[in-house]
Every structure is written in C-alpha cells, then in structure tokens.
Amino acid sequence: MISTQAWADARRLWDYHQMGHTPRPCSVAIGLGSHDLGVADTAVDLYKQGMAPLLVFTGATSPTTQERMPRGEAVHYRERALELGVPGSAVLVEPNARNTGDNIKFSRAVLEEAGVQVTSVLLISKPYEERRAYATACKLWPGIEFVSASTPMTVDEYVDSIQDAHLVIDMLVGALQRLLIYPEQGFMISQPVPDDVREAYERLCRQGFTSRLLATNP
C-alpha cells in the first residue's frame, strides 16, 4: 500500500517537475525519446497547432524500450508522427542519444547539419522530465530560448497509463535527485528546489522509493 502522505509527496514532486510553460511558436520542436509514445503524440498535436514547422525526434534504445521499440525510440516516434499525418519532410531523426544530454547535443548537431536556424526550441518530454530537459538544454545549448511541454495530465492519470504506481513514484524521486546533483557535475543548470519539495523527496526516499536513484545520494 502507498500511504496518503506518499501520494501527497508524489503529487508535490510531479507539480515541481513541470515547468508550467505556455507553448508558443518556436523554431523547432524536439521530442525526447523514451518508452512513452505520448511524447510523439504531443509533438504532433503541437505541430498541427503551428507551434513548430519542424520536429526532431531523438533517442536510441534502452533496456526498457528495446522490446517495445526495436528500431529505436526516435524511429518509432517518427513512424507515429507519419501515421498521424505529419509529412516526412517535417521530421528529422536523431537515432543515437542514450541520455538527456545526448538528446540535446545530438539534436543540435542534426539541426546544424541540416542548416536549420534555431533561436527557440519547444522541448517535449514525459511530464515528470520537463524540468530536467529544460535544465539540461539551458546548460548545453546557451543562447537559445527553451519552452517545455508534455502531455497534459495529472500524476494519477499517468499512474493509470503506466499501471505501476510504485515505479512512477520511483521515477519522480530519481528525476528530482538528478536535479539536485547534476548541476555540480556540469550536466545541467542549477534551479531552486523549494523546501517542501526537498522534504517530500526525502520522505519518499526514506519510504523506499529508491529504485531510480543514482549511487551518490544527496
């Protein structure tokens, strides 16, 4: 059983991980690869709303996506976009990234090689990865304005879609840990973490939601 306090703490982390940006037209939209095809669906929705003239999907495979996406996350995202009516000329694929830093660096290289002029990027990720993607992009691609976006949903709706509440909370905790320790390692910019968010994170760690934590625990 997951306690009432744990659910409250999970919702607090969920809300913090989302940047609260309002989507607006950008030079390009970048969809960060993962197990979640909803990222591709949201990228297509934003493309159809005129928020970006070009989509870049980035991601190789991982142990969690190898079976579901054997051709690679970015390739499956592109296939999904084409199924939903996006023309092939409006989609670029970056098939090699294996982490968020790679997503940003490799997508930037693909766009530069294609001669695309970029001043702003619509970053599309899983809902609980918005802040991590934003902080990483700001560190690795200075001078660009980033707007974070994800599929609009609550943590309860996300749990329903994943069908594993403990795993979802583990992922929320792991994403928060990275926001705490990665700036010191040069992987992302530092962002303020409110006391109530940090306290919620620490309580969840003590309750054992730790499967996605790195070995170095703040």
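Atom set for the values below is all heavy atoms of this structure, side chains included, hydrogens, waters and symmetry mates excluded.
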Of all heavy-atom pairs linking A43 and L55, the shortest is O-CD2, 3.8 Å
* Asked: Do the side chains of F187 and L176 join up, straight or via other hydrophobic residues, at under 4.5 Å, putting them in one cluster?
  -> yes
| query | Can any side-chain N or O of T136 pair as donor or acceptor with the backbone N or O of G101 at less than 3.5 Å? | reply | no
**OP:** Taking the side chain as every heavy atom from C-beta outward, state whether P127 and Q18 have any atom pair closer than 4.5 Å.
**Re:** yes
- Item | Residue pair D195, R198: steps toward the salt bridge (charged side-chain N to carboxylate O under 4.0 Å, His left out) verdict | CA-CA 5 Å; D195 289 344; R198 190 182 290 266; 5.4 Å; no
For this session: May I ask you to decide if S34's main-chain N or O and Y77's side chain share a donor-acceptor pair within less than 3.5 Å?
Result: yes
| request: Could you tell me whether the side chain of R98 and the main chain of G59 form a donor-acceptor pair under 3.5 Å? | output: no
So CD1 of I162 and CE of M171: to nearest 0.5 Å the spacing works out to 5.5 Å
Could you go step by step and tell me if H76 and R71 meet the side-chain contact (heavy atoms from CB on, under 4.5 Å) rule? CA-CA 7 Å; H76 282 265; R71 295 181 298 284; 3.0 Å; yes
Q. Any side-chain heavy atom of V159 sitting closer than 4.5 Å to one from W14?
A. no
Given 3.5 Å as the limit, does a donor-acceptor pair link the side chain of R108 with the main chain of L140, or not? yes
Would you say the side-chain atoms of E129 pair up with the backbone N or O of K126, donor to acceptor, closer than 3.5 Å? no
- Query: Can you tell if the side chain of V173 reaches within under 4.5 Å of the side chain of R212, non-hydrogen atoms only?
  - Reply: no
**Message:** Let me check something: do Y182 and M19 share a hydrophobic cluster, defined by ILVMFWY side-chain heavy atoms less than 4.5 Å apart, either directly or through other members?
**Reply:** no
In terms of heavy-atom contacts, G72 and T61 come closest through CA-CG2, 3.4 Å
Taken to the nearest 0.5 Å, the spacing of D156 CG from W7 CH2 works out to 6.0 Å
CD1 (I124) and CE (M51) are apart, to the nearest 0.5 Å, by 10.5 Å
request  = Report yes or no: do L37 and V91 belong to one cluster of Ile/Leu/Val/Met/Phe/Trp/Tyr joined by side chain heavy-atom distances under 4.5 Å?
outcome  = yes
When every non-hydrogen atom of Y47 is compared with those of A52, the smallest separation belongs to CD1-O, 3.2 Å
task: Could you tell me whether E83 atom CD has more than 12 heavy atoms of other residues or ligands within 6.0 Å of it?
output: yes
Check the pair V56 / F106 against side-chain contact (heavy atoms from CB on, under 4.5 Å), numbers first and verdict last. CA-CA 10 Å; V56 178; F106 297 170; over 6 Å; no
Review point. Just by modelled atom types, is the L32 backbone N or O under 3.5 Å from a matching donor or acceptor in the T58 side chain?
Key: no
Closest heavy-atom pair, N103 versus G33, reported as atoms and distance to 0.1 Å, is ND2-N, 4.4 Å
- Would you check if the side chain of Q163 reaches a backbone N or O of D160 as a donor-acceptor pair within less than 3.5 Å? yes
Name the orientation class of the two ring planes belonging to H21 and Y134 (parallel below 30°, tilted from 30 to 60°, perpendicular beyond 60°). perpendicular
Query raised in the report: Do the non-hydrogen side-chain atoms of E94 and N96 ever get within less than 4.5 Å of each other?
Result: yes
Quiz prompt | Exam field: side chain T210 to backbone L213, donor-acceptor pair closer than 3.5 Å | solution = no
Here the gap from L46 atom CG to L122 atom CG, rounded to the nearest 0.5 Å, amounts to 5.5 Å
L123 vs I104, test: side-chain contact (heavy atoms from CB on, under 4.5 Å). Steps then yes/no.
CA-CA 10 Å; L123 277 178; I104 303 304; 3.9 Å; yes
Distance-only criterion, 3.5 Å: show the donor-acceptor pairs between side-chain atoms of residues 144-153 and protein atoms not counting sequence neighbours.
unit_1, atom_1, unit_2, atom_2, d
E145, OE1, R24, NH2, 2.6
E145, OE2, R24, NH2, 3.0
S150, OG, E130, OE2, 2.7
T151, OG1, G38, O, 3.4
T151, OG1, T42, OG1, 2.6

Minimal heavy-atom distance between D102 and N99, with the atoms involved, is N-OD1, 2.7 Å
All heavy atoms of L172 vs all of A10, minimum pair found to be CD1-O, 3.6 Å
_Do P23 and Q49 make a side-chain contact, defined as non-hydrogen atoms from C-beta onward lying under 4.5 Å apart?_
no
CG (L204) and CD1 (I169) are apart, to the nearest 0.5 Å, by 6.5 Å
| task | Flag yes if L180 and M188 sit in one hydrophobic cluster, no otherwise; membership is Ile, Leu, Val, Met, Phe, Trp, Tyr, and two members link when side-chain heavy atoms are under 4.5 Å apart. | result | yes
Test your reading of the model: is there a side-chain donor-acceptor pair from Q191 to the backbone of V193, 3.5 Å cut-off?
no
Residue pairs meeting salt bridge (Lys or Arg N to Asp or Glu O under 4.0 Å), one or both in residues 26-47, sequence neighbours left out, come to D41-R80
**Request:** Could you give me the CA-CA distance, side-chain angles and deciding distance for F209 and D9, then say whether side-chain contact (heavy atoms from CB on, under 4.5 Å) is met?
**Result:** CA-CA 11 Å; F209 294 97; D9 290 338; over 6 Å; no
Determine whether a donor-acceptor pair (N or O, by modelled atom type, separation under 3.5 Å) exists between the side chain of K48 and the backbone of L84. yes
| said: Check this for me: E184, atom CD, are more than 12 non-hydrogen atoms of other residues, nucleotides or ligands nearer than 6.0 Å? | reply: no
* Asked: Would you say I189 and I181 are hydrophobically clustered, going by side-chain heavy atoms of ILVMFWY under 4.5 Å?
  -> no
Distance col, row K139:NZ vs K105:NZ, nearest 0.5 angstrom, shows 12.0 Å
